[in-house]
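The structure under discussion appears below in the form of structure tokens.
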Protein chains: 4
Amino acid sequence: MTTQEEKTRRAELIAAASRLFKEQGYERTTVRDLAQAVGMQSGSLFYHFRTKEEMLVAVMAAGIGDLTDRLEEALGQAKTPMEKLRTVCRVHLDTLLGDDKGALSVLLYEWPSLSDKARAELIKLRDSYERDWQQVLDEAAAAGLVHEDTRLLRKVLLGGLHWTIMWYRPEGGGTPSDLADRILELIIRKK
Amino acid sequence: MTTQEEKTRRAELIAAASRLFKEQGYERTTVRDLAQAVGMQSGSLFYHFRTKEEMLVAVMAAGIGDLTDRLEEALGQAKTPMEKLRTVCRVHLDTLLGDDKGALSVLLYEWPSLSDKARAELIKLRDSYERDWQQVLDEAAAAGLVHEDTRLLRKVLLGGLHWTIMWYRPEGGGTPSDLADRILELIIRKK
Amino acid sequence: MTTQEEKTRRAELIAAASRLFKEQGYERTTVRDLAQAVGMQSGSLFYHFRTKEEMLVAVMAAGIGDLTDRLEEALGQAKTPMEKLRTVCRVHLDTLLGDDKGALSVLLYEWPSLSDKARAELIKLRDSYERDWQQVLDEAAAAGLVHEDTRLLRKVLLGGLHWTIMWYRPEGGGTPSDLADRILELIIRKK
Amino acid sequence: MTTQEEKTRRAELIAAASRLFKEQGYERTTVRDLAQAVGMQSGSLFYHFRTKEEMLVAVMAAGIGDLTDRLEEALGQAKTPMEKLRTVCRVHLDTLLGDDKGALSVLLYEWPSLSDKARAELIKLRDSYERDWQQVLDEAAAAGLVHEDTRLLRKVLLGGLHWTIMWYRPEGGGTPSDLADRILELIIRKK
DNA sequence: AATGAATGAGGGTTCATTCAT
DNA sequence: AATGAATGAACCCTCATTCAT
């Protein structure tokens, strides 16, 4: 009950922060903006988070955590290397470009705003996500679907996907999943 | 004389801003930091630039301008579609990852810090650079070297290249040009 | 039962406040510090005390009350003017420098933190303590032991004793009682 | 000229801080109070001092510095041990109770507000003042004027003098110098 | 008797910018 | 061209206090 409400309030704050950090950037978002977005006074924020940076970390951790969960669930239903490849790209773009979430884009573009300490914590989570990618790419390379330098491919492909936030527009651009498929085409080695 | 010195001073400031904006981010760099870096008082900056944002714009404009100049010069010496392809990638990474410049990375990662007005001005410059890329990719596609969806390819490949700032380390990672070649391999359709 | 527990809880709080106000000062001690020291939430404090200042007053009142009680008890066993003189000094330093109590030092050094109203209340208690001192000094003067300007002597001697908190260190400094005796020597008119 | 004005402004601020810290206490004085007292905005303070604590240190350092200067000048004109004794007490009380200065009383009563680092710096200045006292007391003891435990006497007498701020009232209390003489009587060993 | 959550005023400090000189 | 000084709004954060439960 209390736990419930606490979860709710924290979750509300994280959601609001996610949105605002994405829209305006972390530095340009004030704690007053954040408080107002959930209908409280700015001082009250600090009951839930010790610092503004802690909110940023929470947003990012939630973002990468969600993403990893989604990916692992989706991978559970993918059989072939090709299906898995499609899955990692689709889940990534669905999450990044889906309008309900800003957390992932915050993760990517506010990385330099983190203190070293906070960064270290998040790197662990990010690495776990990238390990899943690496496995999928390794299987795909083994099946001759992609170039065998999979470590480089992982970084470059993820970079290419990340960058879509800068130019993707839902109207007339197809769904994120469609886009994922088209991007995949660019690097697939047809048998 | 005055013009000469003025150019010098402005250029000094832009260089300093470039470095500091890259290292610390635009928002986290104060005008005092900037002034100190060239040995003046913070108030004196405003003789050279009306606002801090104007410095950001100057850095970005110089960055994209330089890049386009370099590219066009290098393309002048490239003959085949393959050579041209290699050139665009190499010039991009040499500029982005070369240690003497931060301007390009500032351009990429401080884009959201711009006001709408400033953004509009820079978009023109950026488009001119991307037009050069587009031409090269179109030629390459015509020669069967790359996927024919060159507009998408341009965005994704540039995204992949941009992202290298996040992970490239000079020590043990080869030169930026080497990296460019390896990345190109990932998307080349072998004849 | 409730009364009993209430007393206990109040006493705990006063003891904790005494220690914290002494160590960190009244202004620099937060109600959260105080609450934590007795294992409760900050809001719960306000069931026991209406304001933070009320805690300060309680600490001070307890401090001066205890001191007066101790003094009167000790004086009961002192016969000669010289014994009485020694007693007032010893009790004062034992209480001020004894490691179990901070209340007296709080009384001295947080006096300016009090509101006028609170101050008035405490002045009465303090005066009662000083009246005991005055009597002892008057007897001593009558016996030729000290200078006859006993009102001035009272203030100056008490000032000198108060100031010991600033420099007294238990290790290698003798006991507070020893120190009291040595200080007394400084102002005694030998026979 | 610039130096002059800078001195003026800094001196103004120190004077105002001195007064306010004495009247309201350091913690209860806001930087807005301080700024208003010299007719500037609160932000402007930080052009002259990096932190509020730096102002406190400046007040204290000025206080103890002035005091030492005054003392050394006055001692230059004192011949006999008795005259010197009178001088140290008079200078101390004139400075402490003279209505133009609050710095010395701030030094005494805001000592606990200092950070360890700042305290260390001020201890040096204070020690230099107390060394002058020690010499005077040693000479006086050699002449049989005071008790031979001069180190203890120094601390106790200074404590007694310090405490006068708590009770001295100019109206009807004689001048600070008169008071100094009367206090001295309390500890003098008549020939 | 105590809690968890919130309040709201105010804290010290930062910082882009201005301007007389 | 540059400076020293100041501005003033905004910043993140603190904290005594309140109150429904």
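All chains are named by letter (A, B, ...) in the order of the sequence lines, taking the proteins before the strands, and each is independently numbered beginning at 1.
Between the CG atom of A/Asp33 and the P atom of F/dA10 there is a distance of 12 Å, given to the nearest Å. The interatomic distance linking B/Leu56 (CG) with E/dT17 (P) rounds to 12 Å, in whole Å. Rounded to whole angstrom, the span from the CD atom of A/Glu27 across to the P atom of E/dA16 amounts to 12 Å. Between the OH atom of C/Tyr26 and the C1' atom of F/dC15 there is a distance of 12 Å, rounded to whole Å. Distance, D/Leu34 CG to E/dG10 C1': 15 Å, rounded to whole Å. At whole-Å resolution of the value, CZ in B/Arg28 and C1' in E/dT14 are 15 Å apart. F/dT14 atom P lies 7 Å from atom CZ of A/Phe46, rounded to whole Å. The CE atom of A/Met55 sits 14 Å away from the C1' atom of F/dC13 (whole-angstrom rounding).
Around the CD atom of C/Gln36, the shell of radius 6.0 Å holds no more than 12 heavy atoms that belong to other residues, nucleotides or ligands. Remark: A/Arg50 CZ is loosely packed, at most 12 non-hydrogen atoms of other residues, nucleotides or ligands lying under 6.0 Å away.
Nearest-nucleotide assignment on DNA chain E puts the 5′-proximal partner with C/Met40, out of C/Met40 and D/Lys52. Residues D/Arg32 and A/Ser42 each lie close to DNA chain F; by heavy-atom proximity, the contact nearer the 5' end of the strand is made by D/Arg32. For the pair A/Val31 and D/Leu45, nearest-nucleotide mapping onto DNA chain F gives the more 5' position to D/Leu45.
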Would you check, one step at a time, whether the test side chain to side chain contact (heavy atoms under 4.5 Å, CB included) holds for C/Met55 with C/Leu45?
CA-CA 10 Å; C/Met55 296 196 70; C/Leu45 270 185; 4.3 Å; yes
How far apart are the C-alpha atoms of B/Trp111 and B/Ile123, what are their side-chain angles, what is the distance that settles it, and do they pass the side chain to side chain contact (heavy atoms under 4.5 Å, CB included) test?
CA-CA 10 Å; B/Trp111 197 256; B/Ile123 282 178; 3.6 Å; yes
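Proximity of C/Phe46 to C/Val31: side-chain heavy atoms (C-beta onward) are separated by under 4.5 Å at one or more points. Inter-residue side-chain proximity for C/Glu53 and C/Ser113 is flagged as unmet; no heavy-atom pair is nearer than 4.5 Å. Between D/Glu12 and D/His48, every side-chain heavy-atom pair lies at or beyond the 4.5 Å cut-off.
If you check every strand for non-hydrogen atoms under 4.0 Å, A/Thr51 touches sugar and phosphate atoms only.
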Pairing pattern in dot-bracket form [Watson-Crick, G-U; both distances under 3.5 Å; | = partner strand] for DNA chain F:
.||||||||||||||||||||
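For residues 23-43 of chain D, the ring-ring contact (aromatic ring centres under 6.0 Å, His included) pairs, not counting sequence neighbours, are D/Phe21-D/Tyr26.
At E/dG4, none of the side-chain N or O atoms of A/His48 fall inside 4.0 Å of OP1 or OP2 (strictly under the cut-off). Checking the phosphate oxygens (OP1, OP2) of E/dG4, a side-chain nitrogen or oxygen of C/Gln41 falls inside 4.0 Å. Between A/Tyr47 and E/dA5, a side-chain N or O to OP1/OP2 separation shorter than 4.0 Å is present. Distances shorter than 4.0 Å separate none of the side-chain N or O atoms of D/Arg9 from OP1 or OP2 on F/dG4.
Between the C/Ser18 side chain and the C/Ala103 main chain, a donor and an acceptor come within less than 3.5 Å of each other. Counting only distance, with no hydrogens or angles, the side chain of B/Asp66 and the backbone of B/Gly63 share no donor-acceptor pair below 3.5 Å.
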Every protein N/O within reach of nucleotides 19-21 of chain E N/O, cut-off under 3.5 Å:
none

